[in-house]
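Only one structure is covered here, and it is reproduced in the block below.
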Amino acid sequence: MAKGKSTFASWYCKDCNTQKKTTAYNKKNNDKIAKELSMFCKNCRKHVDFKRKDTKKGN
Ligand SMILES: [Zn+2]
């Protein structure tokens with residue numbers, strides 16, 4: 001049960017640069033995770049592409 005090495009990714013709206021949410025994922029599955037996601041932005045009040053920004057926690 002080796003936990004750890006999770007990478008945290010924040011999603012930023014391309015239009016207004018608002019951070020939507022932070023998700024944690026395992027680096028192993030990195031390829032499976034999209035670099036862009038279309039989500040609804042409350043700020044823009046429409047669906048926009050969100051950019052992923054990886055952040056590491058700890059250390
Ligand atoms: Zn936005």
Side-chain angles (χ1 to χ4, degrees):
M1 287 283 283
K3 239 187 179 182
K5 301 275 164 123
S6 292
T7 305
F8 290 83
S10 304
W11 295 91
Y12 290 90
C13 172
K14 268 187 175 177
D15 273 18
C16 64
N17 220 30
T18 298
Q19 183 181 342
K20 168 122 176 148
K21 62 176 178 182
T22 307
T23 51
Y25 65 92
N26 197 310
K27 264 249 161 114
K28 272 189 194 169
N29 302 325
N30 197 14
D31 291 345
K32 287 180 192 167
I33 295 168
K35 285 184 177 147
E36 286 182 6
L37 250 182
S38 189
M39 289 186 281
F40 186 82
C41 177
K42 276 183 188 171
N43 214 25
C44 301
R45 293 178 156 208
K46 62 177 179 181
H47 268 92
V48 286
D49 287 338
F50 280 72
K51 267 194 299 188
R52 195 185 90 200
K53 198 180 178 187
D54 292 350
T55 47
K56 268 185 194 163
K57 228 183 178 182
N59 264 1

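We count residues from 1, following the sequence as given.
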| query | Rounded to the nearest 0.5 Å, what separation is found between the CG atom of Asp54 and the NZ atom of Lys35? | reply | 9.0 Å

| From NZ (Lys21) to OG (Ser10), nearest 0.5 Å | 11.5 Å

| field | Contacts of type side-chain hydrogen bond (donor to acceptor under 3.5 Å, both in side chains), residue Lys42, not counting sequence neighbours | value | none

| Lys51 with Asp49: basic N within carboxylate O range, under 4.0 Å | no

| message | Minimum heavy-atom separation for Thr55 and Thr7, please, with both atom names. | response | O-CG2, 3.9 Å

| Separation between NE2 of His47 and CZ of Phe40, rounded to the nearest 0.5 Å | 7.0 Å

| query | Which atom names give the shortest non-hydrogen contact between Thr23 and Trp11, and what distance separates them? | reply | OG1-NE1, 3.3 Å

| query | Is the closest side-chain heavy-atom distance between Lys20 and Leu37 below 4.5 Å? | reply | no

| Out of curiosity, Cys44 SG to Met39 CE, how far, rounded to the nearest 0.5 Å? | 12.0 Å

| task | Spell out, as yes or no, whether a donor-acceptor pair under 3.5 Å connects the side chain of Thr18 to the backbone of Cys13. | result | no

